[in-house]
Structures are given as C-alpha cells and as structure tokens.
Amino acid sequence: MKLIFVSGGVISGLGKGITASSIGRLLKSRGINVTSIKIDPYLNIDAGTMNPFEHGEVYVLDDGGEVDLDLGNYERFMDLHLGMDNNITTGKVYRTVIENERRGEYLGKTVQIIPHITNEIKRRITAVARQSGADVAIVELGGTVGDIESMPFLEAARQLGRDLGREENVMFIHTTLIPIMGSVGEEKSKPTQHSVRDLMSVGIKPDIIVGRCSRELSESAKAKIAMFCDVDENAVISCPDARSIYEVPLILERQGVADLIIDRMKLAPMTTGRHMEKWERFLDNIVNPSSEVTIALVGKYTALADSYLSQLEALTHAGAERCCHVGIKFVDSDTLLHGDPGDILGDVDGILVPGGFGVRGVEGKIAAARYARENGVPFLGVCLGFQIATIEIARDVLGLEGADSTEFEPGTKHPVIFIMPEQAGVTQMGGTMRLGAQTVLVEKGSKAEALYGADRISERHRHRYEVNPGYIDRFEEAGWKFTGRSEDGTKMEIGELEGHPYFVASQFHPEFKSRPMKPSPLHQGLVDAAMAYRKGRGQ
C-alpha cells in the first residue's frame with residue numbers, strides 16, 4: 001500500500017484538490033493505478049445538508065454518496081468512479097467510535113482521540129486503499145494545517161507514515177501560498193516557512209512543497225524555501241495561476257513532479273511511459289478556441305460559482321469537443337421577475353436551469369423556461385430544471401392555471417410535480433433522497449438516444465419529487481414528450497419538446513458523469529444547439 005498525503009497551509013482555497021487531482025492524472029498517464037480519498041474535518045456526516053453558498057455544490061457519486069465537490073475533481077481528472085467511503089469526515093469517524101463504545105467494544109478502556117479516533121481514521125484510509133486495488137491512494141487532508149479540527153487527521157497520517165514506511169510507501173505534499181508584496185514584486189516565503197513549521201511540529205516533514213503564486217517562482221525563492229523548509233530544491237514546485245484548471249497537470253509535469261514521486265515511491269516497474277497527448281489537445285481546445293457561445297445559467301446560488309461547479313465543467317468539456325469557448329452569464333433567477341426576460345436573456349445563445357431546493361427563485365426559473373420555449377432558444381433543464389420546464393408547460397401550454405409542485409405549493413389545484421410515494425414518510429434529512437446511479441430507458445428515435453448513442457443509460461440522481469403520472473398523457477399530447485423513463489417505467493427521466501430546436505430536460509444530473517474528452521451528452525447537445533443558434537442569429 002502506497003499513500004500520498006496532500007495538505008495545505010497559510011489559507012484555505014489554495015487548490016489542494018486540483019493539486020491532488022493533477023498528481024493523480026499524471027500518475028495514471030504513466031500506467032499507475034490510482035484512487036483518491038478526501039478528508040473533511042467537519043462534524044457533518046456528509047455534505048448533503050450543507051448550504052451551497054457556504055460549501056459549494058453537493059457532488060453525488062454512483063453509490064448515492066453526497067460528498068465534497070473535490071471528489072468531482074478527482075473523478076473528472078482521473079476518470080474514476082468513487083464511492084462514499086472515499087470521503088472521510090470527522091462526523092463519520094466520531095459516530096463510528098461512539099457506536100463502538102456503546103456496544104462495549106472498548107470495554108474497560110478510556111476512549112480517547114489517540115488511539116481510538118486516530119485508529120478509526122487509519123482503518124478507513126487503509127480499507128479504501130486496499131479495496132480499490134490501486135497502486136497509489138492520494139489522500140487530500142481538508143482544511144489548513146494548524147486548524148484544531150485537522151489535528152487528529154494529521155496525527156493519523158503521521159502514524160501511517162511510521163506504520164507503512166516513510167522510505168517508499170508514504171509521501172507528504174504540502175501546498176502553500178507565496179504572496180508577492182510591494183512595488184518591487186518580491187516573493188515572500190515567510191508564510192510558507194511558518195506553515196511547514198506547523199506541519200513539522202506534528203511530526204510530518206513534507207517531501208514536496210507546491211508554492212501557489214500569481215506567477216512562476218524565481219530560482220532564488222525556490223532555493224530559500226528549500227533551505228528553510230529542509231526539502232530538496234527540485235522538490236519546491238511552482239504552481240502559478242493557470243489559464244484553466246486542466247493546465248495544472250502539465251505545469252506539474254514540466255517540473256518533474258511525477259518523476260519525483262515515481263523515484264521516491266519505487267513505482268518505475270509499474271510505469272508505461274508518458275501518455276498526455278490527448279490531454280494536451282483537450283487543453284489546447286479550451287485555451288485556443290475557434291468559436292464561442294454564451295450560456296445563461298439561471299439559478300439562485302449564482303453569487304458563488306462553486307455552487308454549480310459540475311455544470312460549469314460539463315459545459316467546458318462539451319465546448320472543448322467543438323473547440324468552442326462557452327462563456328457563462330450567471331443570472332439570479334429573481335431578476336427575471338423584476339425585469340423583461342428579453343432584456344436579460346436576449347444576448348445569450350442557450351439557457352441552463354440547474355438543480356436546487358426550496359421555493360425561492362422558482363418563478364424566475366419558470367420565466368426563463370418560458371422565454372426559451374417561446375423564442376426558440378436552446379434550453380437544458382437539470383433536476384429542478386426538468387420540473388420547472390414541466391410546470392411552465394402545464395401553465396402556459398396546457399392552460400392549467402396555478403399548476404405547481406407540491407414542494408412549493410402543497411395546496412395547488414394541479415400538482416403536476418409531487419413527492420415520490422416512497423419519500424412521503426421520510427423525516428430525516430441526510431442521505432434520504434433518491435440518490436445515486438439509476439438505469440434510464442431512452443426512447444428510440446429521440447434526441448436523447450441520438451446524443452447518448454444508446455437506449456439504456458445510467459445517470460446519477462438527487463431528488464424527492466417527480467412528475468405526477470396523472471398528467472403524463474396530457475403533456476405528451478401537447479408535445480412535451482417523456483423520452484426517458486425509469487427501468488420500471490413509473491418515473492419520468494427525460495423530457496423533449498417537439499418542434500423546438502433544443503428544449504431538453506432531465507430529472508437526473510448528467511453533469512456528474514461528464515469527463516474531459518467524454519462530455520455529458522445533454523450538455524453537448526446544448527452547446528451544439530447554441531452554436532447553431534448563434535450562427536443563425538449572425539446570418
């Protein structure tokens with residue numbers, strides 16, 4: 001078992017997740033089998049109940065795990081399918097230890113942070129690493145070195161270094177901020193020195209330091225960091241601001257990070273040479289596009305782009321397939337209630353209404369769907385966006401006045417969206433929705449079948465409400481065709497509007513399975529339709 005721990009210092013948000021993902025991409029490109037683990041030091045069991053404004057999007061895995069968005073980066077960069085056990089939280093660890101204590105498994109012992117909490121952390125890390133069958137497990141230590149919440153995890157990591165062998169089985173990579181101060185533009189290494197000192201105070205000496213800076217680090221700055229932090233000079237890695245997050249693996253590759261890891265961990269017998277050519281072409285299509293479109297993302301969490309991270313990445317993947325830059329216009333849905341939708345959306349080439357919960361912002365999203373339908377603007381609705389499109393068609397095409405979802409209006413006369421029967425008695429919030437990968441049967445001859453190239457697909461879900469079966473016949477007679485259904489035929493999964501260039505919506509979340517060079521088919525359809533729409537407007 002070989003483990004690479006990635007920690008962060010000075011400030012949060014430095015890009016530990018992208019660093020860990022990029023290292024995984026490089027190792028995988030050399031033929032090394034990798035997996036990833038994310039440690040989050042919060043007391044929540046998982047990310048499922050967190051506010052997107054505070055924590056960004058909730059990412060959903062095949063097995064229904066609601067996890068930190070960094071696991072989305074791992075899956076995208078390394079083309080992995082992870083499970084909920086790949087996300088370890090303080091809540092999961094403490095709950096297990098307390099349950100063990102109540103069952104008497106520590107009978108006679110005083111239950112303490114060391115060894116009981118640290119042993120449980122080590123058990124979880126090693127179990128995931130072993131079960132994955134990977135050659136190397138990359139473990140991101142969430143939070144910042146020095147945080148009180150992170151201390152048990154750092155101690156567990158230190159112990160694993162001792163248990164497994166620091167010589168070749170465990171490495172520590174530390175990401176830090178290197179600010180540039182003053183008019184002379186001097187790189188300041190003192191924050192990095194303090195951060196490494198904090199790390200070494202818990203018994204961990206970093207093997208590689210990744211310095212985040214607005215520009216390339218000078219050789220003198222690298223030498224200074226190497227001397228004061230006691231690492232080799234070639235192990236001080238410069239990671240300047242990149243043109244795209246997908247450029248980071250190539251930035252690290254140019255500085256020999258993969259070679260450092262392979263040499264240190266004795267991985268050379270597993271390698272098959274460098275294979276990054278496709279990735280380089282993918283990046284080139286992102287940074288040197290030959291065309292562009294603008295997509296309006298209409299939501300209520302638009303003040304924080306990370307709330308819709310997977311949607312943005314899926315559009316990037318789809319745009320790269322066509323060498324097209326997809327510009328995003330964030331539209332707070334409430335603004336559509338106070339202004340003319342034509343003034344707000346008239347300059348875009350496509351509209352995306354993503355998922356969400358609660359009544360706030362819903363009427364603005366309905367206005368966006370109406371504008372797209374009436375004006376022939378390419379439209380993609382995802383999860384709540386699928387339900388929004390259905391409500392809008394019920395009101396404005398079928399003439400069902402006041403049609404709504406019982407989530408927003410429990411007493412509505414026309415509950416075209418209602419709670420799934422199996423969800424009606426659920427009272428617990430966390431992990432209780434219809435979650436994870438489900439089979440979807442796609443109608444032959446539909447847009448969806450053409451995009452997927454299959455009539456049977458698997459996509460990830462996260463919802464409690466669905467289309468009311470009592471209205472399906474009326475919708476389909478009006479041209480709102482349900483071309484994707486659950487395996488038992490009872491749940492509507494994909495809607496397509498007849499006579500519209502591209503008005504498609506899905507109850508599932510296709511963005512969670514989008515990958516570089518393997519984009520989400522529905523997002524690809526939106527980008528293709530937006531390109532045609534823009535071209536038509538130009539002519």
Side-chain angles (χ1 to χ4, degrees), residues 1-8 16-39 73-74 77-80 82 86 88 121-122 124-141 153-176 196 199-200 202-211 226 229-239 248-276 279:
M1 184 185 304
K2 294 181 185 289
L3 305 175
I4 298 174
F5 289 95
V6 180
S7 58
K16 294 190 303 295
I18 298 299
T19 300
S21 301
S22 299
I23 290 167
R25 176 74 257 171
L26 293 177
L27 294 180
K28 188 168 183 178
S29 74
R30 304 289 186 93
I32 297 167
N33 189 10
V34 296
T35 192
S36 285
I37 299 169
K38 173 67 188 295
I39 288 175
N73 286 323
Y74 303 159
F77 274 67
M78 292 176 258
D79 196 14
L80 297 175
L82 303 174
N86 292 77
I88 301 172
I121 294 168
K122 292 195 294 181
R124 285 176 174 267
I125 291 172
T126 54
V128 171
R130 284 197 184 96
Q131 290 163 13
S132 72
D135 302 315
V136 178
I138 300 166
V139 186
E140 180 190 346
L141 297 163
F153 295 103
L154 289 168
E155 172 60 18
R158 182 196 69 79
Q159 290 181 23
L160 281 170
R162 182 199 62 183
D163 297 343
L164 300 177
R166 281 286 269 125
E167 287 304 312
E168 63 182 72
N169 291 326
V170 178
M171 280 190 74
F172 289 95
I173 297 174
H174 191 55
T175 61
T176 73
V196 171
L199 191 61
M200 293 178 73
V202 297
I204 296 173
K205 178 179 177 294
D207 301 293
I208 296 174
I209 294 175
V210 177
C229 299
D230 194 23
V231 297
D232 293 337
E233 228 173 286
N234 67 343
V236 179
I237 306 300
S238 174
C239 198
V248 176
L250 301 177
I251 292 173
L252 300 183
E253 175 74 352
R254 286 195 295 269
Q255 297 174 76
V257 171
D259 292 326
L260 279 171
I261 294 170
I262 289 167
D263 289 345
R264 166 67 190 277
M265 305 191 88
K266 306 294 191 293
L267 294 168
M270 304 173 188
T271 60
T272 59
R274 295 174 174 85
H275 301 285
M276 290 293 287
W279 192 273

So, for K16 and E140, which heavy atoms are closest and what is the spacing to 0.1 Å? CB-OE2, 3.5 Å
Would you call I4 and M265 a side-chain contact if the rule is heavy atoms closer than 4.5 Å? yes
Closest approach of I251 and S238, non-hydrogen atoms and distance? CG2-O, 3.7 Å
Donor-acceptor pair, N33 side chain versus D135 backbone, under 3.5 Å? no
Looking only at heavy atoms, which two atoms of K28 and V34 are closest? And how far apart? CB-CG2, 4.2 Å
Treating K205 as the side-chain partner and D230 as the backbone partner, does any N or O pair qualify as donor plus acceptor under 3.5 Å? yes
Check each of V196, L199, I237 against I209 using the side-chain contact (heavy atoms from CB on, under 4.5 Å) test, and report the only one that passes. V196
Let me know which of V257, L27, V248 forms a side-chain contact (heavy atoms from CB on, under 4.5 Å) with S22. V248
Can you check whether S7's main-chain N or O pairs, donor with acceptor, with T175's side chain at less than 3.5 Å? yes
Do N169 side-chain atoms and L164 backbone N/O form a donor-acceptor pair below 3.5 Å? yes
Do the rings of F172 and F5 sit parallel, tilted or perpendicular, given the 30° and 60° boundaries? parallel
Apply side chain to side chain contact (heavy atoms under 4.5 Å, CB included) to I261 and I208, showing your working. CA-CA 9 Å; I261 294 170; I208 296 174; 4.2 Å; yes
Rounded to the nearest 0.5 Å, what separation is found between the CG atom of L141 and the CD1 atom of I173? 11.0 Å
Quick check: does any side chain N or O of R264 sit under 3.5 Å from a backbone N or O of E167, one acting as donor and the other as acceptor? yes
Tightest non-hydrogen contact, residues P206 and V231, listed as O-CG1, 3.3 Å
Looking only at non-hydrogen atoms, find the nearest pair between L160 and V170 and report the distance. O-CG2, 3.8 Å
Looking only at the side chains, is there a donor atom on one of H275 and S29 sitting less than 3.5 Å from an acceptor on the other? no
Carefully, step by step, assess K2 and M171 under the rule side chain to side chain contact (heavy atoms under 4.5 Å, CB included). CA-CA 8 Å; K2 294 181 185 289; M171 280 190 74; over 6 Å; no
Are any side-chain N or O atoms of N86 and backbone N or O atoms of S36, one a donor and one an acceptor, separated by less than 3.5 Å? yes
Grab the two heavy atoms, one from A134 and one from T35, that are nearest each other, plus how far apart they are. CB-N, 3.7 Å
Please confirm whether the backbone N or O of L26 pairs with a side-chain atom of E253, one donor and one acceptor, at under 3.5 Å? no
